[in-house]
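Okay, structure first, notes after.
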Amino acid sequence: MNKVSQPVFKKKVSVRNISFTFDELYLMPAIIEVKNLTKQFKDVTAVNNLSFTVNAGDVYGFLGQNGAGKSTTIRMLLTLLQPTTGSIHIFNKNLQTNRKKILTQVGAIIEKPDLYKYLTAFQNLFFFAKISGVKVLENKIMEQLEMVGLSERAHSKVKTFSQGMKQRLGIAVALIHDPELIILDEPTNGLDPQGIADVRNLIISLSKNFGKTVLVSSHLLTEIELIANRILIIDKGNKIVEGTSDELLDPAKTIVALNTLDNQSAKNKIVATQWGQYLQQSKNDTIILKFSKDRIPEFVNQLVQLNIEVLSVTPRHSLEDYFLSLTTANQHVEPVTV
Amino acid sequence: MWNLLQFELFKIFKKPRTYIAFGAIAAIILLIQIALLTNGKEYVKFMLSSLDDTLDIPYDQIRNGYWIGFAILNLLLIHVPILVALVAGDMVAGEANMGTLRLLITKPISRTNLLLTKFFACVIYTFILVVWTAFLCLVVSVLLFGTNDLVISKEFELLQIEKTDVLWRYIAAFGFGTVGLIVVASLSFLLSVLSDNSIGPIVATVAIIIVFTIMSEMQIPIYDKTVKPYLFTTHMLGWKGFFYIDSDVDGQTIKGSIQHFSSIMKSFAILIGYIFLFVSSAIIIFKKKDILS
Amino acid sequence: MKKIFVFLLLTRCFTSSSYAQNVNTILQKVKDKLNLVNDYEASGEMKTKVVFLKVPVASVKIYYKKPDKLKIKNEKGISFIPKGAVSININNVLTNNAFTILDGGIAKLGNTNVRVIKLLPEDDPDSYRDDVVLSTLYIDDNFLILKAKTTTKDNGTYELEMSYGKYAGYGLPDKVIFTFNTKDYKIPKGVTFDYSEDQKKAPDKTKARKGTIQITYKTYLINKGLSDAVFK
């Protein structure tokens with residue numbers, strides 16, 4: 001299941017005279033490496049000390065509610081925003097100093113796929129391919145339009161397109177220069193169920209059949225669950241949890257939320273024990289741990305031994321449950337616990 | 001860079017807005033020409049009425065293609081800059097508004113290159129607009145009204161340029177005018193970088209030009225030596241300098257001469273300075289700008 | 001001393017002989033000469049000197065036909081011809097026969113002695129010259145008018161200075177300087193939008209508001225017969 005383990009070194013890439021060595025692209029598994037990334041807008045911290053790694057061949061799910069900081073992070077990955085602090089490396093190169101080289105190999109949709117309305121689908125694709133540094137042939141463009149089901153409307157102006165068609169054209173634009181890394185910000189927004197399924201299949205195919213690395217953001221866990229092999233959840237700019245979907249969705253690796261009379265001192269006591277290694281970052285006061293569900297009684301015993309006054313120990317059975325609880329937890333003052 | 005320039009020009013000339021400018025200029029010029037074809041003599045009389053008692057004025061000869069071309073250029077002083085602003089103000093802000101700017105910036109082009117290319121596309125548009133204006137206001141006027149000596153009415157004097165001495169002045173004036181309009185384009189471009197919708201920069205540019213033009217033209221001593229020499233609108237009129245023929249001590253004009261060539265060159269240098277200032281400011285701001293559109 | 005005496009004597013003789021002639025006779029002799037010319041087509045160069053007018057030297061053709069038709073044409077371009085420039089042909093000053101002729105005595109123009117004759121036109125409402133109040137002619141010994149001054153009711157004073165050469169026999173000058181009054185040149189405000197790098201300077205109002213045109217004739221074609229159409 002884990003796509004990281006799949007062999008992705010299928011070809012040596014030399015694209016548009018900008019060659020990435022085999023090492024750069026494939027042997028170094030990290031395609032995106034974000035360290036301590038912070039973005040401050042005046043008084044608001046949109047992204048706070050965020051670190052994560054996307055490996056070659058990953059379909060990396062970037063989950064969070066609207067306003068969680070997903071788009072801000074993605075905009076920093078695409079050089080639309082300047083990070084306040086922190087570093088971004090893509091293809092093992094510093095994004096700030098190797099922007100042009102890196103972006104040649106990146107395709108993206110950021111929020112709505114806005115394109116030139118007064119140009120046709122074909123013209124949009126043609127020129128975006130050109131400025132991405134690709135020599136484009138007409139049949140290549142038509143192929144791409146065929147892939148997203150727009151070949152019949154190739155010469156219609158984009159302003160006549162429905163939201164779904166624009167979204168599909170946006171994907172075609174993101175892929176026209178055959179990038180190694182594809183960043184899709186909420187790619188299923190505004191699509192009908194069939195469209196959503198199509199995009200989902202496309203993402204899976206890009207990863208499986210073409211060995212592309214995909215970072216896809218969504219506020220819907222159901223979307224991410226089905227396609228991502230690794231998932232990062234952020235909320236209010238903070239990383240909540242990161243892991244493989246196998247891990248996060250595995251019932252054996254349950255998320256346990258603990259509430260006590262004094263969470264801070266409880267946390268300090270837990271850190272000193274073997275359970276400390278299971279502690280997860282948590283934005284609010286709740287203590288979050290990650291371990292197999294079978295070990296909950298053992299954990300409760302330990303809490304008793306540590307004289308921790310337990311209010312609740314709540315196991316989460318699925319990532320969705322966890323995601324929902326996290327987001328509700330942050331929207332309300334106190335989490336509802338059993 | 002070339003690919004991007006092609007793209008930018010393609011976008012400019014695919015936008016209906018672009019043709020508003022060409023259409024507007026054609027409409028204004030043709031209307032003036034029709035008016036002058038029928039009532040041109042009255043207009044010349046209006047301009048030269050104070051001389052009517054002293055001199056026999058050959059009104060019909062004065063109202064020739066060259067004279068009409070010059071009259072039209074005077075009437076277009078504000079219009080053409082507006083039409084330049086219409087496109088230049090849209091270059092960055094329009095894309096921000098449409099949402100395509102963020103896609104452009106994720107392409108492997110540096111922001112400086114992106115902006116310079118966009119600016120260069122504006123320059124090409126401005127140039128084409130000037131050629132179009134020149135064609136309508138000079139070529140069409142000459143075809144309709146023929147050529148003769150050009151009589152220029154200045155505030156305190158009347159200059160006459162022999163017809164064989166006129167054409168090069170027009171070419172030089174259009175060249176200079178293009179530079180003046182590029183200043184407008186670069187100002188509008190700078191404002192475009194600061195804004196996320198194109199109405200703001202367009203309106204702001206037009207407002208600035210109107211206010212500055214009024215200040216340039218008002219003869220108020222406190223502005224004359226303080227503000228006026230620094231206003232780009234003062235120097236944008238430098239194209240007229242090519243029509244200010246020099247004269248000898250006897251008051252006879254000297255063919256091929258210009259009264260204040262060094263002033264024209266100074267104005268030219270100042271305009272280039274403004275272009276440099278506006279464009280480099282735009283680049284500095286744009287490089288640091290967070291794209292939130 | 002002797003030399004001076006001879007000079008004074010000669011001068012005396014000259015002036016007395018000139019003076020002895022009746023002003024009517026002199027005027028008639030002038031007219032006789034001028035009457036030799038029925039029409040002419042002359043070409044020459046015209047220089048215009050007016051404070052506010054900067055124009056090139058123009059190649060002009062001047063057409064004249066008896067009794068008082070005159071036309072100045074710039075074949076290649078535009079020329080501003082002062083109103084009253086018809087009197088650059090002296091015939092036009094003299095055609096009106098209804099004068100009262102006054103003797104103005106003798107005067108000196110440069111080094112030349114001239115006879116001054118004043119003409120007071122009698123009322124003639126049909127004539128275009130009804131504007132004229134007084135004409136003063138300065139005539140030399142060869143019955144050539146060297147200078148003429150015309151005072152008008154509305155257009156101030158015109159002055160004409162002429163020098164003669166080849167065509168003196170016909171009373172036609174080689175060079176004419178026509179001086180006329182000008183009004184202030186004003187343009188409706190706000191229509192010029194001048195490029196004002198040159199510091200705008202209003203013309204000095206105390207300066208005499210006079211302009212001149214100077215015509216240097218190169219050739220005359222005399223009495224070849226001119227059609228009236230030329231003067232339209």
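As the structure is a computational prediction, the values presented were derived from the model and not from experiment. Just so we're on the same page: letters track the sequence lines, and every chain starts at 1. For the numbers below, each heavy atom of this structure counts, side chains included, while hydrogens, waters and symmetry mates do not.
Q40(A) CD: more than 12 foreign heavy atoms inside a 6.0 Å radius. For F276(B), the CZ atom is loosely surrounded, since the number of other residues' heavy atoms within 6.0 Å does not exceed 12. When the shell of 6.0 Å around CZ of F22(B) is examined, it contains more than 12 heavy atoms from other residues, nucleotides or ligands. Residue K289(B) qualifies as enclosed at atom NZ: its count of foreign heavy atoms under 6.0 Å is above 12.
Between L103(A) and I105(B), the closest heavy-atom pair is CD1-O, 4.0 Å. Taking both residues in full, the closest heavy atoms of L119(A) and K11(B) are given as CD1-CG, 4.2 Å, listed atom of the first, atom of the second, then distance. Here the closest heavy-atom approach between residue R111(B) and residue R99(A) is recorded as N-NH1, 4.4 Å.
Partner of L103(B) under the side chain to side chain contact (heavy atoms under 4.5 Å, CB included) criterion, out of N124(A), D114(A), L115(A): L115(A) alone. When each of I109(A), D185(A), L80(A), L78(A) is tested with R102(B) by the rule side chain to side chain contact (heavy atoms under 4.5 Å, CB included), just one qualifies, namely L80(A).
Of the listed residues (E111(A), Q82(A), K117(A)), the one with the most heavy-atom contacts under 4.5 Å to chain B is Q82(A).
A donor-acceptor pair under 3.5 Å links the side-chain atoms of R75(A) to the main chain of I291(B), judged by distance alone.
How far NZ of K130(A) is from CG of L4(B): 11.0 Å, rounded to the nearest 0.5 Å. The CD1 atom of I110(A) lies 10.0 Å from the CG atom of L101(B); values are rounded to the nearest 0.5 Å. With rounding to the nearest 0.5 Å, the separation of CG in N3(B) from OG in S132(A) is 10.0 Å.
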Criterion side-chain contact (heavy atoms from CB on, under 4.5 Å) on M98(B) and Y118(A), from CA distance to verdict: CA-CA 11 Å; M98(B) 202 165 33; Y118(A) 49 86; 4.2 Å; yes

Worked check of salt bridge (Lys or Arg N to Asp or Glu O under 4.0 Å) between D290(B) and K39(A): CA-CA 11 Å; D290(B) 279 340; K39(A) 180 68 190 179; 2.6 Å; yes

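Both the backbone and the side chain of Q6(B) come within contact range of chain A, judged by heavy atoms closer than 4.5 Å.
Under the 30°/60° scheme for interplanar angles, the aromatic rings of F7(B) and F128(A) are found to stand perpendicular.
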